[in-house]
Student: 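Sharing a structure, written as structure tokens. Questions coming.
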There are 2 protein chains.
Amino acid sequence: MSEQDANDKSEHTSATIYEVARRAGVGIATVSRALRGTGSVRPATRERILEAARELNFIPSRLGVSLAEGRHAANGIVFPSLTGPYFGEVLLGYEEAAAELKRSVIVVAADGLDSAQDHIRDLAGRVDGMVIYGSTAESEVVAELIAERKPTVLLSPRVLVDGPDVITAENTRSAGELAEHLLAHGHRTFTFLGGPTGGRDIDERWAALVDTLAKAGAAAPRPVPLSGYGRAEVYAAARAVLAQDPPDVLVCSHDEVALAALRVARELGLRVPDDIAVTGWDDVMAAEHSWPPLTTVRQPMRRMGEMAARALDELITGTRTGPLRQVLPTEVIIRESCAHHP
Amino acid sequence: MSEQDANDKSEHTSATIYEVARRAGVGIATVSRALRGTGSVRPATRERILEAARELNFIPSRLGVSLAEGRHAANGIVFPSLTGPYFGEVLLGYEEAAAELKRSVIVVAADGLDSAQDHIRDLAGRVDGMVIYGSTAESEVVAELIAERKPTVLLSPRVLVDGPDVITAENTRSAGELAEHLLAHGHRTFTFLGGPTGGRDIDERWAALVDTLAKAGAAAPRPVPLSGYGRAEVYAAARAVLAQDPPDVLVCSHDEVALAALRVARELGLRVPDDIAVTGWDDVMAAEHSWPPLTTVRQPMRRMGEMAARALDELITGTRTGPLRQVLPTEVIIRESCAHHP
DNA sequence: TTGTAGGCGTTATCAG
DNA sequence: CTGATAACGCCTACAA
């Protein structure tokens with residue numbers, strides 16, 4: 001052992017199966033069998049091998065294993081961006097489930113990168129399957145992935161495409177429920193402060209709002225698009241809406257927007273909810289701690305990540321055949337920003 | 001081409017370099033050279049090769065490339081957990097910088113896993129280097145990594161070990177500055193509501209607080225440890241502190257704790273900051289939107305991730321020799337929770 | 001029970 | 001300029 005140690009000092013890379021084999025005085029096949037418990041090995045031999053492996057601090061090269069096994073044992077996930085309080089929760093659920101399924105998680109943030117498509121392609125080469133979150137879905141790369149039958153699941157995609165697995169959160173029912181609650185408070189004029197291009201989620205919420213108001217005989221809501229989610233854009237839009245002729249309710253597409261609106265309202269001297277009600281969507285942490293606490297719709301972010309990991313695993317292992325189309329339930333969270341609740 | 005297409009239909013895996021070579025009527029070496037631009041190839045030949053590659057939709061296998069190159073072109077990052085608003089920002093900075101450096105990012109959340117150590121080992125086998133965030137640093141696996149000279153950088157470790165690169169955020173100066181600001185408001189009795197076991201960051205903040213108060217001739221702060229960061233623990237601790245004989249100021253180890261304290265204060269009918277001042281640490285999004293807005297210390301989370309990625313790259317490429325010991329500046333953010341500022 | 005040898009997909013060296 | 005061919009590290013029939 002001391003003799004070996006002398007050689008160890010300059011080694012930066014782990015021992016190979018060959019060295020273990022030589023040291024244990026056996027062939028590499030036997031080492032492989034002994035270490036991974038496949039095929040039988042005489043106890044004495046096994047002992048020697050384990051010993052040798054331990055002494056050499058042998059860890060099988062992932063590359064070698066993957067190459068031989070023909071799989072990566074890794075999942076990818078593509079986010080449009082990593083900003084905001086969202087994706088963290090999603091990733092959390094995804095990573096947890098993936099770990100449970102013995103798979104590593106490689107993450108890429110596609111936004112802002114000119115080379116985003118290349119990054120996604122690169123990712124594809126490192127994993128057995130991947131999930132694509134949100135707007136990245138239109139990309140031609142995703143089409144490629146699907147075309148070449150790379151296991152792929154779409155998480156909350158902006159447009160619903162046919163073929164790949166899709167996991168989304170419910171919008172219509174909860175938006176309707178939210179609208180009804182607001183109507184019940186006696187609110188009559190609605191403004192919807194929403195996302196830039198819309199996208200499926202926001203479209204669905206908008207549609208449900210329009211629908212519910214129409215059914216109740218209330219005036220149609222006023223749509224106010226957002227030119228972006230940057231701090232400046234959001235504040236400017238909120239200010240524009242609130243500065244003159246504010247509605248009874250400002251329904252926002254996201255909590256971040258609603259929180260900005262809350263601030264603007266305060267700056268303008270508008271009391272929430274007395275002068276104007278405000279609602280968000282997502283139930284991020286700040287929504288609970290804001291003043292007033294924000295009425296919103298909770299999305300099961302963590303669960304979305306988890307479901308995505310499981311769906312992907314089914315795809316990879318071939319456990320399931322038909323495409324998945326899962327809609328996770330959301331929950332309307334009533335707080336003080338929509339009205340005083342005695 | 002039509003002939004080829006007929007064979008394509010059942011293929012799930014990308015073409016190999018051999019197929020490209022055969023199709024272009026050349027050897028694989030030439031294909032490799034042509035595609036990666038190393039060594040020269042006659043223009044006409046190159047054309048044929050590119051054409052063949054495109055037709056076959058050839059993408060070099062990452063596994064093959066990595067095996068041959070002897071590198072993964074990937075970075076790992078280990079978080080204790082993925083919960084909270086923190087790590088998202090850190091990961092964001094890390095991923096961005098890594099992408100810029102042409103490296104993928106594999107993430108693992110070690111907390112809660114019995115097999116965490118194995119996961120980290122597995123991760124180590126997939127990357128050229130890794131960064132370990134926070135408390136995971138004591139783990140024996142980290143010692144292994146360092147012993148076997150795996151490029152490793154410690155991000156905000158709970159204890160400062162010698163040898164590997166370490167990146168932290170400044171605590172002492174900013175905690176002192178915060179304490180002075182509070183003293184200037186006339187606050188005299190301080191309670192520090194802090195983390196479970198402490199850890200370096202919290203220890204440093206505590207020490208600086210003690211120090212500053214001592215210098216000012218004020219009474220020593222009262223330490224109140226937290227049994228954990230769960231919602232219940234934090235609320236219970238906050239309630240215990242505020243219910244009887246509340247101090248002038250409640251200095252909290254994290255924004256989450258401070259936000260909980262804010263709620264408890266309101267429930268107890270204590271006005272912030274009139275009856276009691278509250279401060280946090282981190283400047284998460286909710287801190288800005290809470291009521292009253294939270295006085296806190298902003299940590300450069302995103303930048304920490306970015307620096308980690310760059311430090312790791314230097315380690316991997318051997319650009320730098322000596323160990324890195326970087327302390328990133330923080331910023332005291334004064335809002336309303338510590339006093340009314342006219 | 002054990003060892004030999006082929007294969008996985010590249011890169012890079014070294015003769016042509 | 002090109003093409004064999006040897007690594008790279010492991011897994012797994014197939015033989016013995």
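Quantities reported herein were computed from a predicted structural model and do not represent experimental measurements. Here is the naming used below: chain letters follow the sequence lines, and residue numbers restart at 1 for every chain. Both backbone and side-chain heavy atoms feed into the values below; hydrogens, waters and symmetry mates do not.
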Student: So which atom in S14(A) and which in N57(A) form the shortest heavy-atom distance, rounded to 0.1 Å?
Tutor: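 Minimum heavy-atom contact is OG-O, 3.7 Å.
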
Student: Contact class for G125(A) (heavy atom, under 4.0 Å): base, sugar-phosphate, or nothing?
Tutor: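 No contact at all - G125(A) keeps every heavy atom at 4.0 Å or more from the nucleic acid.
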
Student: Would E100(A) and R310(A) pass as an ion pair if we require N to O under 4.0 Å?
Tutor: yes

Student: Less than 4.0 Å between a side-chain N and a carboxylate O, is that true for R320(B) and D165(B)?
Tutor: yes

Student: Across the strands shown, which category fits T45(A) at heavy-atom distances under 4.0 angstrom: base, sugar-phosphate, nothing?
Tutor: sugar-phosphate

Student: Within the side chain of E19(B), is there an N or O that forms a donor-acceptor pair under 3.5 Å with the backbone of T16(B)?
Tutor: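 Checked: pair present.
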
Student: Could you go through the side chain to side chain donor-acceptor pair (under 3.5 Å) check for S104(A) and D122(B) one step at a time?
Tutor: CA-CA 8 Å; S104(A) 291; D122(B) 178 278; 3.2 Å; yes

Student: Does the pair S66(A) and R71(A) meet the rule for a side chain to side chain donor-acceptor pair (under 3.5 Å), with working shown?
Tutor: CA-CA 5 Å; S66(A) 288; R71(A) 67 190 210 111; over 6 Å; no

Student: Where the side chain of N75(B) meets the backbone of M130(B), is there a donor-acceptor pair that is under 3.5 Å apart?
Tutor: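 The answer is no, because no donor-acceptor pair under 3.5 Å joins these two groups.
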
Student: For a 4.0 angstrom threshold against heavy atoms of chain B, report the outermost contacting nucleotides of DNA chain C in 5' to 3' order.
Tutor: dG9(C) to dT13(C)

Student: Do nucleotides 8-16 of chain D as a string where each nucleotide becomes B, S or -: B if the base has a protein heavy atom under 4.0 Å, S if just the sugar-phosphate does, - if no protein is that close.
Tutor: BBBBB----

Student: Do the side chains of R121(B) and E144(B) get close enough for a salt bridge, i.e. N-O under 4.0 angstrom?
Tutor: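 Here R121(B) pairs with E144(B) in a salt bridge, since their nearest N and O are under 4.0 Å apart.
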
